[in-house]
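Taking it in order: structure first as structure tokens, then the write-up.
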Amino acid sequence: MEPVTLTTDRLVLRTVGPQDTDAVYAACQDPDVQRWTTIPSPYLPEHARGFTEQMVPDGWANDTMYTFGLFLPAGDLAGMLGVTMIALGVGEIGFWAAKEHRGRGHVTEAAVAVARWAFTERAVDRLEWRAEVGNTASRAVAQRAGFTMEGTLRSAINNRGVRRDSWIGSLLPSDLALPSTSPYLPAP
């Protein structure tokens with residue numbers, strides 16, 4: 001599909017391209033982004049180019065990954081958020097915030113907007129969030145966005161060749177007062 005642009009009260013959520021390579025590279029120099037995500041470390045200019053010029057456009061074109069840059073009205077990159085399709089009707093959300101823009105609610109705002117879009121426009125019936133145990137900032141964003149924490153998955157993340165435990169949470173359309181595309185029968 002062709003990339004879409006979403007707007008919130010404070011953000012423009014749009015795909016990233018070659019014009020954003022330098023901003024992505026700069027933001028990914030942050031040790032916290034490298035520590036808590038699975039981006040390459042060290043993060044080199046060619047990684048940013050591959051991301052903005054190949055990975056992101058390919059994901060949109062193949063309907064496998066919908067990546068949004070979180071841009072302030074002035075054009076600054078505040079973060080990145082993507083939904084990777086992992087099964088029919090199920091996407092996994094991932095995100096990071098640029099160091100200088102953390103703590104302002106931008107990622108939470110973007111997560112809710114993208115979840116609404118995924119539920120209404122992409123027939124997603126379940127969004128999953130996962131983060132390595134200990135990534136309390138990511139967990140706080142997910143909880144503020146309405147995700148229900150479901151537990152801890154043992155050895156569920158491979159981060160640079162090391163298996164690590166992962167928290168998992170989910171968001172359903174009904175959590176945002178939206179209809180599902182398939183009936184849902186919760187456990188009694």
Side-chain angles (χ1 to χ4, degrees), residues 1-8 11-72 75-102 106-107 109-119 121-124 126-132 135 137-138 141-142 145 156-164 166 168 171:
M1 84 174 285
E2 287 295 315
V4 300
T5 298
L6 307 174
T7 57
T8 68
L11 300 168
V12 175
L13 311 176
R14 65 164 174 81
T15 191
V16 291
Q19 73 278 13
D20 304 304
T21 300
D22 291 344
V24 169
Y25 172 74
C28 289
Q29 296 310 298
D30 177 16
D32 286 335
V33 171
Q34 291 186 27
R35 166 60 182 94
W36 294 111
T37 70
T38 57
I39 67 168
S41 181
Y43 195 81
L44 306 174
E46 55 263 32
H47 297 130
R49 277 193 304 278
F51 179 72
T52 60
E53 296 177 18
Q54 184 170 12
M55 184 182 292
V56 170
D58 287 355
W60 281 97
N62 300 328
D63 279 324
T64 56
M65 183 174 65
Y66 310 108
T67 303
F68 295 89
L70 286 54
F71 291 92
L72 301 177
D76 295 343
L77 176 66
M80 196 69 57
L81 184 147
V83 173
T84 302
M85 298 309 299
I86 58 175
L88 183 62
V90 181
E92 181 177 338
I93 195 168
F95 43 76
W96 53 258
K99 185 175 188 166
E100 61 274 17
H101 297 289
R102 288 189 191 129
H106 293 131
V107 179
E109 186 176 321
V112 172
V114 171
R116 287 184 174 282
W117 171 81
F119 292 147
E121 301 297 324
R122 303 310 312 149
V124 170
R126 176 181 166 89
L127 270 180
E128 293 183 356
W129 160 88
R130 297 168 193 242
E132 184 179 327
N135 190 347
S138 182
V141 167
I157 293 177
N158 184 332
N159 192 340
R160 294 173 209 21
V162 177
R163 303 295 311 178
R164 300 168 190 260
S166 168
I168 185 168
L171 187 70

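The line from CZ of Arg160 to OG1 of Thr38 is 7.5 Å long, rounded to the nearest 0.5 Å. Between atom OG1 of residue Thr15 and atom CH2 of residue Trp60 there is a gap of 6.5 Å, rounded to the nearest 0.5 Å. The OH atom of Tyr25 sits 6.5 Å away from atom CG of Leu44, with the distance rounded to the nearest 0.5 Å. To the nearest 0.5 angstrom, Met85 atom CE is 13.0 Å from Asn62 atom CG. The distance from atom CZ of Arg126 to atom CZ of Phe119, rounded to the nearest 0.5 Å, is 10.0 Å. Ser138 OG to Asp32 CG: the interatomic distance, rounded to the nearest 0.5 Å, is 12.0 Å.
Atom CD of Gln54 is surrounded by 12 or fewer heavy atoms from other residues, nucleotides or ligands within 6.0 Å.
When atom types are taken as modelled, the side chain of Arg102 and the backbone of Ala97 share a donor-acceptor pair closer than 3.5 angstrom.
Within the 4.5 Å cutoff, the side chain of Arg14 has heavy atoms near those of the Asp20 side chain. The side-chain heavy atoms of Val4 and Phe68, taken from C-beta on, include a pair separated by under 4.5 Å.
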One pair to check against side chain to side chain contact (heavy atoms under 4.5 Å, CB included): Leu77 and Phe71. What are the steps and the verdict? CA-CA 5 Å; Leu77 176 66; Phe71 291 92; 3.8 Å; yes
Take Leu70 and Leu13, measure what side chain to side chain contact (heavy atoms under 4.5 Å, CB included) needs, and give me the verdict at the end. CA-CA 5 Å; Leu70 286 54; Leu13 311 176; 3.8 Å; yes
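Residues in residues 36-65 take part in these salt bridge (Lys or Arg N to Asp or Glu O under 4.0 Å) pairs, two or more places apart or across chains: Asp63-Arg122.
Between Val16 and Gly69, the closest heavy-atom pair is CG1-CA, 4.0 Å. Closest non-hydrogen pair, Pro57 versus Phe51, comes out as CD-O, 4.1 Å. Shortest non-hydrogen contact noted between Ala113 and Leu6 is O-CD1, 4.1 Å. The heavy-atom pair separating Arg163 from Ala156 by the smallest distance is NH2-C, 3.6 Å. Across His106 and Leu72, no two heavy atoms sit closer than the pair NE2-CD2, 3.6 Å. Across all their heavy atoms, Thr52 and Gly17 have their closest contact at CB-O, 3.4 Å.
Listed by chain and residue number, Val33, Ile39, Trp96 satisfy the side-chain contact (heavy atoms from CB on, under 4.5 Å) test with Thr37 (two or more places apart in sequence, or in another chain). Looking at residues two or more places apart in sequence or on another chain, you find a salt bridge (Lys or Arg N to Asp or Glu O under 4.0 Å) between Arg35 and Glu132.
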